[in-house]
Amino acid sequence: MEISIIRKISLISVFLSLFFFLCFPQITLIGSALYNIFLYLNVLLAFMLHEKIGLDQVMVRKVHSMFRMFFFLSFLGNIMSILFYDIEFYFVGIKNIILIVFYGYSFAILACDKKIENIIKKCVYISSVIVSLYTIYCYVTDSNPYMLFVASFTNDLDYIETSLAEVRGLKGRVGGHLGNPVFLGGELLVLLGYCLVDINQKVKIDKGKLCVILMLLISIVLTGSRSALVPAFALLLFSLYYKYKFKSLLILSVLVLVIIPFIPNIDDFLSSLDVMSRSEDVVGSSIFMREEQFRGLQRIVGNNEIFGNGLGWIRHYINLHGLHPVLLGFESLIFSSYTEGGMWGLFVVYPFLFYSFFKLSRLTQNYTVLFYLIAYFAYALLTGAFSLKVFIALFVAILVTIKNDYE
């Protein structure tokens, strides 16, 4: 097959894999998420193009080396947990690691093509507008027709109706097209970080892109997710400061002072941000709740503390029993990595992944990229590594395409 044809197919496949992941992740085909099917096609196309684009880049080789080691460490820990603790092998856990590696491998190569790089940017901005508009629509109308429609096929109607009634944010938590405000907050944060990196590379900022960023920020506030809200505004502040220095502090301060008096139910919203309180009136996770969860976590892992209960154990447990009575959805990357990987996962596997990204970020000599990584890492530590795959896809695309002098 001619290279030109492969590249044209790649443009379509990359766009659709990101678009369906970001906007319609529930759509499946032949038993698999539709975005995963396009991901498999991306991997094949990347393999066919690897000699033509990207392979000679230093950053591409570094990214590929990092993901090979990440897979090795993850797989090794899982094998050790099976051998030492005689636990089950959960295919879903290994599949998840493979998908993470696939995103890193394919986007490191495909994003090197200028046209594919541009299609990634277009997809991010288009998806940001769609997701933000729907999130705002859900808030204004106190409804979520898309998720109610999806839930009617999955018997999750009770969960969706409960989440619609849960008070947080300015007047209620918005789960949007994901049906969960925490998941939605993570995805919006990933999109926001990519957009901020993009505009910080330009001498003149596009007003349309600024509008998209504003829509993303509004949507993050409406989710009521503190784990996304705090990193998002910290990332915005650092990004503005990096580009505009002290003028950014003045601009942001004026905006806050002007907007706050017009926000309805602002007192209730601010009280929900209190993570230190042990009061039952505080909605959402508090430090006291996290302490209780950590004690519950120790009981779950038991004597498997070195290598954990095995990759995929959390999904297996939730499928059988639903949410855990103490740990709920095993929120926080700390809880999930320790449950499935023990101290090996908590102190070796995921620290290796994020530290490797940290070192590669510094090579770009662009502090906004570094702030983006730190913001997502903070979100993952607080709540969980939701939207990790799409973060990896976009972050890798940034690493291999951003202008730098390290080569």
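Excluded from the calculations below are hydrogen atoms, water molecules and symmetry mates; all remaining heavy atoms, backbone and side chain alike, are included. Because the structure is a prediction, the values reported are computed rather than measured.
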Between [X] (side chain) and [Y] (backbone), is there a donor-acceptor pair under 3.5 Å?
X	Y	answer
His50	Phe47	yes
Glu117	Ala111	no
Ser356	Phe352	yes
Gln201	Ile402	no
Ser332	Ile334	yes
Glu187	Ser387	no
Trp344	Asn78	no
His177	Pro25	no
Ser13	Phe38	yes
Tyr376	Leu388	yes

How far apart are the closest heavy atoms of [X] and [Y], and which atoms are they?
X	Y	answer
Met66	Leu360	SD-CD1, 4.2 Å
Ser81	Gly308	CB-O, 3.6 Å
Ile120	Ala397	CD1-CB, 4.1 Å
Leu399	Met59	O-CG, 3.5 Å
Cys195	Ile213	CB-CG1, 3.9 Å
Gly208	Asp206	N-OD1, 2.6 Å

Original post:
Taking atom types as modelled and ignoring hydrogens, do the side chains of Thr223 and Ser225 form a donor-acceptor contact shorter than 3.5 angstrom?
Top reply: no
**OP:** List the steps, then state whether ring pair (Phe, Tyr, Trp, His ring centres under 6.0 Å) holds for Phe19 with Tyr35.
**Re:** CA-CA 8 Å; Phe19 181 75; Tyr35 62 82; over 10 Å; no
Subject >> Check against side chain to side chain contact (heavy atoms under 4.5 Å, CB included), Trp313 and Asn304 >> reply: CA-CA 12 Å; Trp313 186 89; Asn304 301 356; over 6 Å; no
Answer yes or no: are there more than 12 heavy-atom neighbours, outside [X] itself, under 6.0 Å from its atom [atom1]?
X	atom1	answer
Tyr125	OH	yes
Tyr146	OH	yes
Tyr137	OH	no

Rounded to the nearest 0.5 Å, what separates atom [atom1] in [X] from atom [atom2] in [Y]?
X	Y	atom1	atom2	answer
Leu16	Asn42	CG	CG	9.0 Å
Ser143	Leu148	OG	CG	8.0 Å
Asn96	Ile100	CG	CD1	4.5 Å
Leu41	Ser106	CG	OG	10.0 Å
Arg7	Ile116	CZ	CD1	7.5 Å
Leu192	Ser128	CG	OG	8.5 Å

Subject >> Partner of Phe377 by ring-ring contact (aromatic ring centres under 6.0 Å, His included), out of Tyr355, Tyr350, Phe354 >> reply: Phe354
Counting C-beta onward and ignoring hydrogens, is there a side-chain heavy-atom pair between [X] and [Y] closer than 4.5 Å?
X	Y	value
Ile398	Tyr372	yes
Leu49	Ile3	yes
Tyr139	Ile218	no
Val349	Phe70	yes
Ile37	Ile30	yes
Ile126	Phe15	yes
Val369	Phe395	yes
Leu18	Ser127	no

Original post:
How are the rings of Phe107 and Tyr103 set relative to one another: parallel (under 30°), tilted (30 to 60°) or perpendicular (over 60°)?
Top reply: parallel
**OP:** Kindly indicate, with the supporting measurements, whether the criterion side chain to side chain contact (heavy atoms under 4.5 Å, CB included) is fulfilled by Arg68 and Ser65.
**Re:** CA-CA 5 Å; Arg68 283 195 296 269; Ser65 176; 3.8 Å; yes
**OP:** Would you mind telling me which of Leu189, Leu191, Leu373 makes a side-chain contact (heavy atoms from CB on, under 4.5 Å) with Phe391?
**Re:** Leu373
Original post:
Hey, would you say the Tyr105 and Phe67 ring centroids sit under 6.0 Å apart?
Top reply: no
**OP:** Determine, stepwise, if the pair Val212 / Leu216 fulfils side chain to side chain contact (heavy atoms under 4.5 Å, CB included).
**Re:** CA-CA 6 Å; Val212 173; Leu216 288 170; 4.3 Å; yes
**OP:** Start with the C-alpha gap between Leu34 and Phe24, add the side-chain angles, then the distance that decides, and say whether side chain to side chain contact (heavy atoms under 4.5 Å, CB included) holds.
**Re:** CA-CA 9 Å; Leu34 188 55; Phe24 304 103; over 6 Å; no
